[in-house]
Amino acid sequence: MKWTRAGDLGLWAGLSLLVLTESGARNDPLWMRAGCLAVLAVAVLLRRSRPVIGLSLVIATEVVILAGSLGTTMGVPIALIPAISLLSYVSGRRETRLRPFVLMCSGELAALLILSLAVHRDVPVTEAVLTWLLILLLSLLVVVLPWLIGRYRAQQALLATAGWDRAERIEREHRMEIAQERLRERSRIAEDMHDSVGHELSLIALRAAALEVDAELSERHRQAATELREAAATATERLGEIIGVLRDGEASVVPAQETVAELVDRAAASGLAVKLVQEGNSELSPMVDRAVHRVVQESLTNASKHAPGAKVVVTVSHVDEHVAIRVLNDAPSGVANPEAVGRGAVGGRGLAGLGERVRLVGGTLRAERLSTGGFEVRARIPRAGGRVEADRPAGSGAADERATVRRNARRGLITAVTVPVAIGAVVGLVAFGYYMIVGYSSILRPADYDALRLGQPVDQVEARLPAMQMVDPPSDGVEQPKEWSCRFYRPDAPFSTTYAYRLCFQNGVLVAKSVIQTGSVQPELPATEGQPTADDEPTTEGTP
């Protein structure tokens, strides 16, 4: 805070020194100097919180000074110009909205034109408007260009900050990906545990159920078999719940350790009424072989769990370039609720994971409950496996953001250069067009000039005068009495002559007419021009 105040004081002192130096040379009144210093102090204090307001105060002060000094011999004060440019740059850095800045500039320029016309009513309107257009051109360099540069710098700083934020976000995401990869590996292990252990527990429960109805066993042994079946079923349920939390549905790539025939024989030995039907034979890729094994294994597990006592038929067909798997079980007989048939396939995790596994090898899976009360699982897989159409990878976020940064920076630089140039070109064309219109509207033909006589009333003289006066009358070396009111006109189109006509009036009559040199080149007058007539002899002032 202390360094901030010291910086504000130093900035105010530097800007105030320029004002005091110029005011001392011009002998400006003390109240004018004090007012400028006060305005600078307020603008410096507001440059962080309200930069546009601070800038508008300094510009308004300069507008009032310009309106009072234009068209006079006081000269144009420029001590506030550095402050305006600096505050305009700060405004662009801190206030990126365009509308407040445009409204402020438009209002200040309009106020300058109105004040100039109101304060100096003796100055021709054409001259005041042309002067205002020239000030407008200078404003592009003094006000608009610094503001655009400040805005460009603000965009660069904002984009740099966004780049650092994204780098930190990428680092956090990288750490999260590492943690997710560890969880994913645990999920793979959990999946294999569920697939193998869950299947074995289901077979244990099925064997225990067979012992329950064995008449050769005593009641005590059958009761123990019942408890064993219930414990195995409970363990299977809890294993599914616990492992299911860790599973993410990803396919395992561990090769099969047993064939489908061995799997079916093992299930049949455990008491499941299962039959295998194989149609054709062909070599399968390891991934497809593993997927076929998993389809049969999961289907038998669900059948033994949800349809105990039902007959199961497993059909594996090798047709053309595909292998088709069909596992069909009848309705359960007695132990399980018929409404639960297929519940594991429809709403559980086992067959839902199978769908993803089959899809990853290019196949399709369908599981549905039949009208007869049974359940059917169908899968069709290419023998050599298939490639799943991968999602189109998204573009790199960092690359996109880097391209955005470069594009915005390039656009900001182009804007900072081209906008002032374009506005300046438009204003310049307007000023030039206005100058040409006034120039052609202020032509007093030599014949009309020669026809004017001293002593004529002003209304008779104005009958021969053009609609406008010169917008840039000659001033060097031209002296005239204070009581005279003089007007200047061109003898021809702009840029075509080096002299002008001056007509002076006093008390409503023409008292002097003369030819005035308008440049450093000596004019060549026509033979009839510049030769004073009898009426001109008393007033040959200014004739070269």
Side-chain angles (χ1 to χ4, degrees), residues 189-247 256-277 293-315 327-351 353-354 367 369-370 372-377:
I189 297 174
E191 181 181 0
D192 289 339
M193 289 175 59
H194 177 269
D195 294 342
S196 58
V197 178
H199 181 68
E200 297 297 334
L201 287 175
S202 297
L203 295 181
I204 291 174
L206 187 62
R207 291 184 179 182
L211 293 176
E212 284 185 82
V213 296
D214 191 347
E216 298 180 359
L217 296 179
S218 63
E219 181 64 25
R220 183 172 63 85
H221 289 96
R222 287 198 298 271
Q223 182 64 31
T226 301
E227 295 175 356
L228 177 62
R229 178 184 60 78
E230 293 177 351
T234 302
T236 302
E237 292 287 346
R238 292 183 178 177
L239 177 65
E241 294 175 357
I242 296 173
I243 300 302
V245 175
L246 301 177
R247 294 181 64 177
Q257 300 298 321
E258 64 179 352
T259 64
V260 172
E262 293 172 347
L263 173 64
V264 172
D265 291 341
R266 189 158 56 88
S270 300
L272 183 65
V274 57
K275 175 184 177 181
L276 174 64
V277 178
H293 183 276
R294 283 285 291 112
V295 168
V296 176
Q297 183 186 39
E298 188 65 29
S299 300
L300 294 179
T301 299
N302 280 280
S304 64
K305 179 179 178 181
H306 298 289
K311 294 182 180 180
V312 182
V313 178
V314 178
T315 304
V327 181
L328 173 65
N329 62 267
D330 297 337
S333 57
V335 179
N337 184 357
E339 295 297 328
V341 178
R343 187 178 299 162
V346 175
R349 304 181 185 92
L351 292 180
L354 278 184
R369 183 183 294 112
L370 302 178
T372 59
F375 197 81
E376 182 184 48
V377 177

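Note that the structure is predicted; figures quoted are calculated from it, not measured.
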Result of checking Asn329, Thr301, Leu300 against Leu272 for side chain to side chain contact (heavy atoms under 4.5 Å, CB included): Leu300
Option among Val314, Val312, Thr315, Leu370 that satisfies the side chain to side chain contact (heavy atoms under 4.5 Å, CB included) test with Leu328: Leu370
Nearest heavy-atom pair of Arg266 and Arg207: which atoms, and what distance? O-NH2, 4.4 Å
Minimal non-hydrogen separation, Ala310 against Ala331, with atom names: CB-O, 3.5 Å
How long is the gap from OG on Ser304 to CD1 on Ile204, to the nearest 0.5 Å? 11.5 Å
Taking the side chain as everything from C-beta on, heavy atoms only, tell me whether Leu263 gets closer than 4.5 Å to His293. yes
Do the side chains of Thr372 and Asp330 get nearer than 4.5 Å, heavy atoms only? no
Residues that Arg222 engages under salt bridge (Lys or Arg N to Asp or Glu O under 4.0 Å), provided they are two or more places apart: Glu219
In chain order, what residues pass the side chain to side chain contact (heavy atoms under 4.5 Å, CB included) check against Ala209, with sequence neighbours excluded? Glu212, Arg229
Sequence neighbours left out, what passes side chain to side chain contact (heavy atoms under 4.5 Å, CB included) with Ala261? Give chain and number order. Thr259, Leu276
